2 protein chains.
Amino acid sequence: MQNKPARGTPLPAYEQIKRHVLAQIESGALKPGDVVPSETEMVKEFGVARMTVSRALRELMAEGVLNRVRGSGTYVAPRQYESTVLQIRNIADEIAARGHRHTARVLALESSEEPTAVAALELDAGPAFHSRIVHYEEGEPIQYEDRYVNPEVFPDYLAQDFTLETPNNYMVRLAPIQRAEFRIYAQKPDAHVRQHLAMEIGEPCLLLLRRTWVGKHVATSVRLWHPASRFHLAGTV
Amino acid sequence: MQNKPARGTPLPAYEQIKRHVLAQIESGALKPGDVVPSETEMVKEFGVARMTVSRALRELMAEGVLNRVRGSGTYVAPRQYESTVLQIRNIADEIAARGHRHTARVLALESSEEPTAVAALELDAGPAFHSRIVHYEEGEPIQYEDRYVNPEVFPDYLAQDFTLETPNNYMVRLAPIQRAEFRIYAQKPDAHVRQHLAMEIGEPCLLLLRRTWVGKHVATSVRLWHPASRFHLAGTV
DNA sequence: AAGTGGTCTAGACCACATG
DNA sequence: ATGTGGTCTAGACCACTTC
């Protein structure tokens with residue numbers, strides 16, 4: 001570890017150690033539940049004082065990345081839900097939490113060269129992956145999902161069976177979501193969506209737009225339509 | 001500061017210092033923008049090492065309570081918005097942030113014995129305060145606010161002029177919101193709301209329901225209607 | 001020049017978990 | 001008994017702001 005920062009103030013040692021651990025988690029070298037090297041080991045590895053290692057690991061714990069147990073060790077924390085605040089959880093989990101049965105119908109699962117898809121993912125060039133899926137709760141349609149997926153982040157997306165696992169679950173399982181951006185609208189659905197959601201004419205939709213990032217890439221961009229009569233968002237702050 | 005924790009591990013010194021500062025902010029002895037005593041001063045005051053004070057203040061900065069400027073000093077951070085995640089900020093601030101003019105029209109400001117009001121605030125008995133206000137952005141109606149307020153928490157609520165300051169701002173100014181619960185719906189407005197929001201027949205509303213707690217009391221329960229064509233919610237996680 | 005916060009060290013004592 | 005993390009000290013050097 002560079003003890004005396006040369007010039008331009010590179011990065012403090014504790015910050016370098018944090019990034020080193022984060023990089024190992026992102027690369028998969030460290031998985032949830034794995035033991036992270038102890039403070040003593042890192043002191044030797046990086047050639048710094050124990051307080052410095054301690055600060056790095058303590059901050060990673062405060063950020064929810066690690067769990068530390070006195071007397072035992074430091075562990076990689078289990079994967080976080082995308083959001084504990086605005087509970088846009090996996091629709092299948094939500095339905096299961098209500099004790100109901102979730103089913104899904106895949107309308108489309110394809111590669112797309114649409115400029116809107118390429119733009120939504122902030123790609124330089126196509127193709128983008130595209131899926132359209134209707135989710136049912138106890139047989140009633142509750143969500144129409146129109147999703148674009150970055151092939152660089154999820155190269156095997158098209159080979160999945162999304163009647164068995166939701167795209168959301170698949171992606172959360174493979175890559176840690178680092179940032180999400182959402183917008184919520186009340187909107188009248190077009191005829192296509194209205195039909196698939198079995199909605200009355202004139203009934204509004206709750207429309208949720210969301211883009212999520214993995215690293216520097218937009219991993220996915222999704223539009224979720226929900227019939228207003230059967231769905232709302234809720235949460236606590 | 002008790003250097004050797006007696007027994008039962010009372011509280012680490014850095015934690016005691018954090019609470020001391022927080023208590024001063026809560027009591028009003030320290031206000032947003034005020035200078036907090038420097039590390040050197042606190043070292044003398046509490047009789048601890050500088051690293052200990054440093055940690056306390058650093059953590060308070062990470063929690064958004066303090067701002068620290070190298071070479072200058074430590075300052076009490078301005079009051080936080082209710083939520084940085086789901087940006088349900090003061091509507092007046094949002095409008096101002098867009099460089100637009102906010103105006104408000106107070107339709108009602110009264111004491112109410114309605115059972116629904118009493119129930120919404122989880123009160124044992126009435127009365128509850130009640131207000132109905134329409135908010136305008138550049139003269140266009142953008143939010144219909146129907147609010148119940150707990151008289152125990154805000155006894156002077158009825159005496160305010162809500163054309164000058166929004167209820168939200170008034171309440172955030174007087175009491176720190178500790179918890180909020182929200183639900184978001186897409187809903188067709190009733191004739192009354194539709195008229196006040198100057199909406200077309202058939203246009204949906206984005207309806208936001210929110211209850212906020214101060215201590216153990218429900219401080220306020222509010223329903224906010226927004227015309228779908230002119231409003232959406234947005235945020236990042 | 002003086003004061004501030006940012007970082008780091010090389011020790012130390014402790015509570016706790018695990019074998 | 002050993003190793004882990006949790007805390008703390010008494011110094012130090014530095015970058016930065018303010019006067």
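Naming convention: chains lettered A, B, ... in sequence-line order (proteins, then strands); numbering from 1 in each chain. Everything numeric in this text was worked out from a predicted model, so none of it was measured.
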Verdict with supporting geometry, A:L109 and A:H130, side chain to side chain contact (heavy atoms under 4.5 Å, CB included): CA-CA 6 Å; A:L109 183 56; A:H130 176 227; over 6 Å; no
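Between B:Y14 and D:dT7 there is a side-chain N or O to OP1 or OP2 distance below 4.0 Å.
In this structure, A:M51 atom CE and C:dG6 atom C1' are separated by 13 Å, rounded to whole Å. Note: NZ (A:K18) to P (C:dG6) measures 14 Å, nearest angstrom. Look at CG on B:L11: it is 15 Å from P on C:dA15, rounded to the nearest Å. Distance B:R50 CZ to C:dG5 C1': 6 Å, rounded to the nearest Å. As a whole-Å value, the separation of B:K44 NZ from D:dT9 C1' is 18 Å. To the nearest angstrom, P of C:dT7 lies 13 Å from CD1 of A:I17. What separates CZ of A:R58 from P of D:dT7 is a distance of 7 Å, to the nearest Å. Between the CG atom of B:N67 and the C1' atom of C:dG5 there is a distance of 13 Å, rounded to whole Å.
Using a 4.5 Å heavy-atom threshold, the side chains of A:R223 and A:L207 count as touching.
Ring-plane geometry between A:F231 and A:H226 is classed as parallel, the angle between the planes falling under 30 degrees on a 0 to 90 degree scale with a further cut at 60.
In this structure, A:R101 does not pair ionically with A:E137, as no charged nitrogen and carboxylate oxygen lie closer than 4.0 Å. Using a 4.0 Å cut-off between a side-chain N of Lys or Arg and a carboxylate O of Asp or Glu, A:R68 and A:E39 qualify as a salt bridge. The pair B:R211-B:E122 meets the salt-bridge criterion, since a charged nitrogen lies less than 4.0 angstrom from a carboxylate oxygen.
A side-chain N or O of B:T163 and one of B:D161 form a donor-acceptor pair less than 3.5 Å apart.
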Between protein and nucleotides 2-4 of chain D, what N or O pairs are separated by less than 3.5 Å?
from, atom 1, to, atom 2, distance (Å)
D:dG3, N2, A:G71, O, 3.0
D:dT4, OP1, A:S38, OG, 3.3
D:dT4, O2, A:G71, N, 2.9

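Note that the two end axes of the helix from C:dA1-D:dT18 to C:dT18-D:dA1 enclose an angle of 0°, each drawn from 5 base pairs, rounded to 10 degrees.
Aromatic rings from A:F162 and A:Y157 are positioned such that their centres are separated by under 6.0 Å.
Counting any heavy atom pair closer than 4.0 Å across all strands shown, A:R55 reaches sugar-phosphate atoms only and no base atom.
Nearer the 5' end of DNA chain D, as judged by each residue's closest nucleotide, is the contact made by A:M61, out of B:T52 and A:M61.
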